[in-house]
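Numbers here are sequence positions counted from 1.
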Amino acid sequence: MRRQKTATAYSAVRTLRNVRLGAGGPVCDVRIEGGRVSEIHPGGTTAPQGAGGPDVDLDGRTLLPGLWDAHVHIVQWAVARRRLDLAGTGSARGAAEAARERAASMGPGELLVGYGFRDGLWPDAPHKDLLDAVVPDRPVLLVSADLHAAWLNSAGLALLGRGDHPNGLLRDEDCLRATAQLSSVTTEMSDAWVREACAEAARRGITGILDFEYADNVTDWTRRMTTGPAAAGAAVGDAAGDAAGDAAGLPISVPMPIPGPIPIPVRVAAAVYPEHLDAAIDRGLHTGVALREVPGGLLETGPLKLFTDGSLNTRTALCHDPYPGMPSGGPGEYGLAQLTPEELTAVMRRAAAHGMEPAVHAIGDRANEIALDAFEAVRCRGRIEHGQLLRPEDVPRFAALDVTVGVQPTHAVDDRDVAHRYWHGRTHRAFPFADLLAAGAVLELGSDAPVAPLDPWRSIANAVARTDDARPAWHPEQRLSVAQALAASARGRRSVRVGDRADLVVVDVDPLTADLAVLRDMPVYGAMLAGAWTHLAA
């Protein structure tokens, strides 16, 4: 094949021998130079490797494009890995009891943070009095699985200056602010936890994330990527590469492909929130463009995050049909709008004029219609995040308007029961992944971590199976094929080609032949960022 020249000398040549080129692909030898794939040859036909770099025999394993998680809240995920897990609680009283048990083992006055409750199907309602009765002597902050509700006791509300709140349950914007205010830790500790979470993501084959953390993400990621220790498992020079090779029993040496150490072993697209839009414009930041302050193109400016509605579990997703049980004519009968159509269009138009593409959160069918109308009015590229409930006539508009839809397959399996209750009679058009692809839309898979674990294989398996328990597939007509799910997890890359950036993942099992259990827990042998190992199995 044609050799791809590159002007940037990141690393010595290396060759990955005896590797299957993509899911279901042929066995090949792949040469990497300058952080990119420079040559691909049928297996065993590559010229002998000279002194320029190492060979690695991968014994028929499968080489895939590096995977991205297209929707992460990285600090919340890093913190959630240490929080009280409320995912299995079936009632408000059960969640309160779990908080009581955790409080008994904590130091005096320490904030108790829990995460993962789903109150949409609970028989009782969260209330501050319930938490006060079991944990009266310390602040408590319990965050819902969808990140749109925060349940606090009186001590927690007092820290926010909201001691007069009637029930202690904060929704949507109030929830985001309370979570950011109360669950904050020192910058050094937060950055260390983020590095640890990203190293774990690399071990699952992740080479990039789109971070929607509610923060000044460009500033925070610039700091993380230019200061601090190298992430565990990231190759930071020949010595680290030799150690990784020794652990795997491979005779390799890994020169550094990016100048200096890699504090974070993944690429990052850092979303911008409206309160930071002016600063982004003043700096001349553009969505999709790498920041020069960070070497190797590891950090790019992400989209501008905007909200049209809330979530299904909180019954604040904005819909055309009323929610059962909500007071007729009340403010939440159809869900809640975060922005008016006019406000949304105005901020999108301003952002687009300065090179910032919008990413619009839209869950309900009315919210998605409003978001698509705004894209049609502004005529800019961008994204809709979630797109959970769509009218049939809106499905083809994504492709027509060149709007990417960021979807989270684990939400589909986690929310099937609450969707049946609150979107009864409409679930055939909920999470319509196959319909969107058939209409030409670009799908990108994500986890929405910490709403779901930051694990691309769980997202892929749930997109393929539409179930994660013993029940049959939920609306199986909306399942994706393995090949479609892989492409949607790799920014559209379906295989490895000459000229590609050498962000790659090596797996022990060909995904096309794996059963669902293996696919969900896919054994990842190695991951590369610009040709450097960020993970290599022992």
Side-chain angles (χ1 to χ4, degrees), residues 1-68 202 205 207-208 234-235 237-238 240-242 244-245 248-259 262 265 267 290 295-298 483 486-487 490-508 510-512 524-537:
M1 291 188 179
R2 178 176 60 87
R3 179 164 180 162
Q4 175 73 25
K5 297 293 185 182
T6 177
T8 306
Y10 282 111
S11 67
V13 176
R14 86 171 71 249
T15 303
L16 307 179
R17 295 189 182 274
N18 192 24
V19 65
R20 190 169 299 281
L21 191 69
V27 174
C28 294
D29 292 346
V30 177
R31 183 166 290 186
I32 296 168
E33 186 174 7
R36 291 187 178 272
V37 175
S38 60
E39 298 178 51
I40 298 174
H41 297 271
T45 66
T46 307
Q49 180 66 54
D55 284 9
V56 181
D57 190 330
L58 290 169
D59 196 27
R61 294 180 173 90
T62 299
L63 182 70
L64 301 171
L67 303 178
W68 275 70
T207 59
D238 287 14
D242 289 339
L250 298 174
I252 64 172
S253 176
V254 185
M256 190 62 216
I258 296 171
I262 304 178
R267 297 186 191 274
L298 291 176
L486 282 170
R491 285 190 156 184
R493 294 173 66 190
R494 289 184 174 270
S495 189
V496 177
R497 301 173 301 178
V498 170
D500 282 356
R501 198 155 55 184
D503 296 353
L504 305 168
V505 58
V506 181
V507 294
D508 285 338
D510 187 330
L512 293 188
V524 176
Y525 183 77
M528 280 185 164
L529 194 65
W533 293 108
T534 56
H535 163 64
L536 200 57

message: Given 3.5 Å as the limit, does a donor-acceptor pair link the side chain of Asp29 with the main chain of Asn18, or not?
response: yes
query: Hey, does Leu529 have a side-chain heavy atom less than 4.5 Å from the side chain of Pro265?
result: no
- prompt: How long is the gap from CG on Leu486 to CG on Leu512, to the nearest 0.5 Å?
  reply: 7.0 Å
field: Validation row: Val19, Val30 side chains within 4.5 angstrom (heavy atoms)
entry: yes
- prompt: Once you round to the nearest 0.5 Å, how far does CZ of Arg491 lie from OG1 of Thr207?
  reply: 9.0 Å
Side chains of residues 496-506: which donor-acceptor partners sit under 3.5 Å, not counting sequence neighbours?
unit_1 : atom_1 : unit_2 : atom_2 : d
Asp500 : OD2    : Arg493 : NH2    : 3.3
Asp500 : OD2    : Arg497 : N      : 2.9
Arg501 : NE     : Asp503 : OD2    : 3.4
Asp503 : OD1    : Arg267 : NH2    : 3.3
Asp503 : OD1    : Ala530 : N      : 2.7
Asp503 : OD2    : Arg267 : NE     : 2.5

field: Side-chain heavy-atom pair Val507, Tyr525 within 4.5 angstrom cut-off
entry: no
- line: OG (Ser38) and CD1 (Ile32) are apart, to the nearest 0.5 Å, by 8.0 Å
query: What is the distance from atom CZ of Arg31 to atom NE2 of His41, rounded to the nearest 0.5 Å?
result: 6.5 Å
- request: Could you tell me the separation between the OG atom of Ser495 and the CD1 atom of Ile40, rounded to the nearest 0.5 Å?
  value: 7.0 Å
- prompt: Do the charged groups of Arg17 and Asp57 touch, with an N to O distance under 4.0 Å?
  reply: no
- prompt: In chain order, what residues pass the side-chain contact (heavy atoms from CB on, under 4.5 Å) check against Ala487, with sequence neighbours excluded?
  reply: Arg494
Counting only pairs under 3.5 Å, give me each side-chain donor-acceptor contact of residues 58-67, with atom names and distances, residues two or more places apart or in other chains.
unit_1 : atom_1 : unit_2 : atom_2 : d
Arg61  : NE     : Asp508 : OD1    : 2.7
Arg61  : NH1    : Leu58  : O      : 3.4

- prompt: CD of Glu33 to CD of Glu39: how many Å apart, nearest 0.5 Å?
  reply: 8.0 Å
statement: Tightest non-hydrogen contact, residues Ala527 and Gly205, listed as CB-CA, 4.4 Å
field: N/O donor-acceptor pair under 3.5 Å between His535 side chain and Val524 backbone
entry: yes
